[in-house]
Each structure stands twice: as C-alpha cells, then as structure tokens.
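Report on one structure; see the data block that follows.
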Amino acid sequence: SKFIIVSSPGERGGYLRLGSCINHRDLVIGYEKVHGGGWYLQDDEKKTITLYGSSCDYGDPKLGLIDSIDREFRDYSFWFTPYIGCPPNPLDMSHVRWI
C-alpha cells in the first residue's frame, strides 16, 4: 500500500492519499502537485497507520504539509519511520481537517 501527499494548484497544504497501486504516480488525479510519498501499514485492530519510506516517483514525504485526511481515519493514530524496522515516531494530526 502506498501514499502520497497532494495539493491542487494554488493550495498551500496537502491531502494524505492512501491507496493500493503499482506506482505512486497512479495515485495522482489530474494536475495535482505531489509533495512526496512512501508506503504505509494500516492496523485496523490497533487503529494505527504507519507511514514509512520515500516514493521512488516523488521522493521523501513532506509530512508537515498534511492538512487534510479522509474522515474514515479520524480515530486512527499516525506514525512515521523512514524504514521498516526502525521505531516509528507519532505524528501530530491535531491541526488536520477530516474531510
């Protein structure tokens, strides 16, 4: 499963888009600007989503730009680690709009 952070032209923040695909670019819709990406692990039992890695197509994720996430993940905690096997760090999502 892969993720990217995207914004529409003229927007300052970014939307966290999660999906299953072969290439990160398959998650892009239209003329969106991509602010990096990577892979993710979703644990529905623990209500966690761990973001990790870097997109081969778009580079390191600019996590500070995330300002909106799909509301279905509102009850989840978000974590980031650059590599699987490294301890993840919690991400502060208190400022995020749940859309």
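All residue numbers refer to positions in the sequence shown, counting from 1.
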Check: Just how far is it from atom CZ of Arg74 to atom CZ of Arg97, taken to the nearest 0.5 Å?
Finding: 12.5 Å
Check: If you measure only the distance, is there a donor-acceptor pair under 3.5 Å linking the side chains of Trp79 and Ser77?
Finding: yes
Item checked: Under 3.5 Å side-chain donor-acceptor pair for Asp57 and Ser55 -> no
Next item on the list: Could you walk me through whether Met93 and Tyr76 pass the side-chain contact (heavy atoms from CB on, under 4.5 Å) test, one step at a time?
Entry: CA-CA 10 Å; Met93 296 298 182; Tyr76 283 69; over 6 Å; no
Notebook entry, point to check: What class does the angle between the rings of Phe73 and Phe78 fall in, given that below 30° is parallel, 30 to 60° is tilted and above 60° is perpendicular?
Noted result: perpendicular
Note to self: Tell me whether Val6 shares a hydrophobic cluster with Ile69, the cluster being built from Ile, Leu, Val, Met, Phe, Trp, Tyr side chains joined at under 4.5 Å.
What the structure shows: no
Note to self: Once rounded to the nearest 0.5 Å, what's the spacing between atom CG of Asp92 and atom CD1 of Ile66?
What the structure shows: 11.0 Å
Check: To the nearest 0.5 Å, how far apart are CZ in Arg17 and CD1 in Ile29?
Finding: 4.0 Å
Margin query: Nearest 0.5 Å, please: how far is OG1 in Thr50 from CG in Leu91?
Written below: 9.0 Å
Notebook entry, point to check: How many angstroms lie between CG in Leu51 and NZ in Lys2, if you round to the nearest 0.5 Å?
Noted result: 14.5 Å
Check: Under a single-linkage definition using a 4.5 Å side-chain heavy-atom cutoff for Ile, Leu, Val, Met, Phe, Trp and Tyr, are Leu27 and Tyr15 assigned to the same hydrophobic cluster?
Finding: yes
Next item on the list: Can you see which heavy atom on Asp67 is nearest to which on Gly13, and at what distance?
Entry: OD2-CA, 3.3 Å
Notebook entry, point to check: Should Phe3 and Val34 be regarded as members of a common hydrophobic cluster, given that ILVMFWY residues are connected when their side-chain heavy atoms come within less than 4.5 Å of each other, either directly or indirectly?
Noted result: no
Notebook entry, point to check: Same cluster for Ile4 and Leu16 if Ile/Leu/Val/Met/Phe/Trp/Tyr side chains link at under 4.5 Å?
Noted result: no
Margin query: When you group the ILVMFWY residues by side-chain heavy-atom contacts below 4.5 Å and let the links chain together, are Tyr40 and Val96 in the same group?
Written below: yes
Checklist line | Other ILVMFWY residues reachable from Trp39 by side-chain steps of under 4.5 Å | finding: Leu41, Tyr52, Ile84
Item checked: Crowding at CD1, Ile22 (>12 non-hydrogen neighbours, <6.0 Å) -> no
Note to self: Tell me whether His35 contacts the main-chain N or O of Tyr58 through its side chain, where contact means a donor paired with an acceptor under 3.5 Å.
What the structure shows: no
Item checked: Distance-minimising heavy-atom pair for Pro61 and Gly53 -> CD-O, 3.5 Å
Item checked: Separation of Tyr83 OH from Ser54 OG (nearest 0.5 Å) -> 9.0 Å
Next item on the list: Return yes if some donor-acceptor pair links the side-chain N/O of Asn23 with the main-chain N/O of Arg25 below 3.5 Å, else return no.
Entry: no
Notebook entry, point to check: Between Ser7 (side chain) and Gly14 (backbone), is there a donor-acceptor pair under 3.5 Å?
Noted result: no
